[in-house]
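Data block below; observations after.
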Amino acid sequence: MFQDRHELAAVLSPDGRVRRIGESAGDLLGYAPEALTGASLGDFIHPDDVEEARRRLQLRVNAPAGSSGRAVFRFRHADGGWRWLEVTTRNALADPAIGGLVLNIRDISDHIALSERLRASEARYRTLAEAVPVGILQADAAGQVQFANARLAGITGLEPDRLLGRGWLDAVHPEDRERVAADWRLDSGCDAAATDFRFHDPDGTGADRRVLCQRIRLEDGGIIATITDVSEYVLTANALRLSEARNEAVLDTAADAILTVDEAGVLLSFNRAAEAMFGVAAGDLLWRPLDRLIPLADLREEGGIRLEFAPGQTTALVARDRAAEAERADGTRFPVELSVSASEVEGRRIYTAILRDVTERRRAEAELLAAKEAAEAGNQAKSTFIATMSHELRTPLNAVIGFSQLLETQAGTNATGGRQHDLVADCVGAIRQAGEQLLAIIDDILDMARVDAGGFSLVEGSVNLSALIERVVADLRFHATRQGVTVEVVADGNLPPIRGDDRRLGQALRNLLSNAIKFSHPGGPVSLSAGLAADGWVELSVRDRGVGMRQEDVAQALTPFGQIDQTVTRRHEGIGLGLPLALRLVEAHGGTLTLDSAPGQGCTATIRLPPSRIMTIAELLASMS
């Protein structure tokens with residue numbers, strides 16, 4: 001027994017000293033047998049194990065004869081290292097031939113090291129399994145899950161213990177459960193492909209999670225499966241597909257041509273409007289150089305200077321409404337307007353252009369310009385004709401008025417009485433009045449023609465508004481008396497002098513007052529007020545209480561030759577130039593003319609002149625010097 005070199009046998013005294021030891025001590029422990037004989041075994045035991053070894057030795061000494069026990073401890077090898085020894089101790093103290101404790105010693109260091117490596121490997125495996133961002137299942141050959149990591153618990157919403165065995169299937173969506181269970185039972189010889197299914201929130205409060213499962217067969221028939229949550233990816237992919245479909249729908253329904261090229265001029269996209277515009281299918285052009293339809297230079301930065309993007313910027317406008325010329329597939333050229341933007345994707349520059357065929361618009365613009373020029377020429381010719389005719393009419397009319405005045409004077413000087421004389425005087429007076437009326441009409445026509453022809457200008461100076469109002473009222477007193485209308489003047493006594501054309505302002509105010517008298521009822525009042533408004537503007541208002549007009553007819557009343565009453569039996573004479581001419585004269589001074597009227601309630605015409613027309617003392621003194 002003591003010569004067996006695979007195991008070491010030894011006999012210890014009750015106090016732990018070596019009485020005898022086998023020859024294999026040198027092979028197992030590194031010491032010659034004589035070096036250990038008589039030595040205390042405790043001197044070679046690891047300090048952390050020596051106390052336990054002594055306790056077990058004492059237990060064995062006190063144990064019944066023939067009993068045995070097993071202990072594991074570390075022993076110092078002759079090379080200075082430690083060896084794990086498995087020692088079986090039998091009480092042979094009562095045996096006269098032995099008289100001690102028999103030890104069977106076996107070196108299990110390699111076994112301990114292997115166990116430690118196995119435990120370390122298992123610990124690393126579990127650490128990795130818990131650290132990876134995917135769920136992990138480990139099942140035996142029968143398909144029963146023995147291990148599930150925390151990530152899988154988070155994906156399924158179940159506690160890790162509930163995932164063991166076949167409990168993990170409870171988290172699979174009911175519609176997918178039967179298919180997943182069938183796939184899980186595949187024979188070990190089959191190569192299991194990746195499968196996808198859904199986990200269903202067991203509480204019913206969360207959304208379903210779509211996962212991808214990949215299985216690996218182990219040598220013992222078991223399975224390791226990885227489960228990856230792809231729900232976010234699926235949602236993103238669906239959103240991307242929806243976005244692409246929406247973008248394609250927008251591009252295909254857009255009325256303008258939209259195309260995209262890279263920096264080398266290769267066509268990347270071409271919508272339906274572009275196909276219609278250029279007369280060529282997108283399939284015939286995509287992924288080919290854009291070398292004919294439109295010059296590539298028109299789709300890049302102007303001047304060839306590459307646009308620099310600001311940090312974080314990916315898209316920028318290169319040009320808006322740039323004029324260019326394009327060419328259809330049949331070779332015809334046509335004008336376009338385009339807007340171009342540049343984008344950068346991973347350092348690659350992309351240009352997107354929106355093109356609009358402006359052939360019809362250019363033609364319409366040309367026709368409109370020609371029509372405008374023709375209208376302006378016709379209007380100029382009309383104004384020239386009216387001005388010429390007005391001048392030609394005034395020359396003989398002045399003679400008629402002059403001679404009628406002369407005849408009236410002679411009739412008054414040579415008054416012989418008689419009915420015939422009175423008749424002649426009345427006829428001469430009627431001729432003079434008709435001539436003066438006609439002359440006023442011709443003057444208005446001539447002034448309006450000058451305004452329309454652009455030959456009208458103001459002769460500006462200092463204007464005394466109080467004197468101007470007094471003069472206008474005096475000029476129309478006879479007309480008001482004949483109509484039976486009373487004119488009331490309410491003017492601020494401190495009206496400031498203004499800078500303007502005294503004659504033209506008087507003409508505008510005279511037209512408004514004449515109009516108010518004409519449309520007043522016999523015996524009705526007309527009021528003329530003047531003063532400074534709260535905003536600093538100068539206001540001149542003429543108000544009558546006559547027939548009035550609808551507010552929607554005001555625009556027509558301010559139109560040259562516009563008449564509210566166009567019937568042949570209308571009571572009020574005039575050619576419709578009084579109000580329009582007054583409007584032009586007021587606007588020439590930078591002012592406004594407004595009409596506020598209602599049928600049967602009369603009309604209020606208000607002239608407003610801007611504060612810039614009010615003269616300062618310095619300007620007034622300068623005008624007087």
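Nothing fancy with the numbering, it's 1 onward along the sequence.
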My understanding is that only residues two or more places apart in sequence, or in another chain, count here; which of them pass side chain to side chain donor-acceptor pair (under 3.5 Å) with R198?
E175, D176
Using 30° and 60° as the class boundaries, would you call the ring planes of F278 and F270 parallel, tilted or perpendicular?
tilted
For residues 601-613, which residue pairs qualify under salt bridge (charged side-chain N to carboxylate O under 4.0 Å, His left out), counting only residues two or more places apart or in two chains?
E460-R613, D535-R608, E539-R608
Could you work out, with side chain to side chain donor-acceptor pair (under 3.5 Å) as the rule, every residue matching S514, not counting sequence neighbours?
none
For F334, is the NZ or CZ atom of R328 found under 6.0 angstrom from the centre of its six-membered ring and inside 45 degrees of the ring axis?
yes
Taken to the nearest 0.5 Å, the spacing of R356 CZ from I258 CD1 works out to 10.5 Å
If you count the non-hydrogen atoms of other residues, nucleotides and ligands that lie under 6.0 Å from CD in E178, is the total more than 12?
no
Across all chains, not counting sequence neighbours, the side chain to side chain donor-acceptor pair (under 3.5 Å) partners of D596 are none
Working to the nearest 0.5 angstrom, can you tell me the gap between L609 CG and T592 OG1?
8.0 Å
Does any pair with a residue in residues 263-278 pass side-chain hydrogen bond (donor to acceptor under 3.5 Å, both in side chains), and if so which ones, sequence neighbours excluded?
T260-S269, E263-R306
Under the side chain to side chain contact (heavy atoms under 4.5 Å, CB included) test, which residues partner R510, sequence neighbours left out?
V472, D475, L476, Q507
Under 4.5 Å between any side-chain heavy atoms of L581 and N511, yes or no?
yes
According to the interplanar angle, ranging from 0 to 90°, do the rings of W168 and F197 count as parallel (below 30°), tilted (30 to 60°) or perpendicular (above 60°)?
tilted
Should R210 and D196 count as an ion pair when the cut-off is N to O under 4.0 Å?
yes
Check against salt bridge (Lys or Arg N to Asp or Glu O under 4.0 Å), R162 and D170
CA-CA 9 Å; R162 291 184 59 188; D170 294 339; 5.1 Å; no
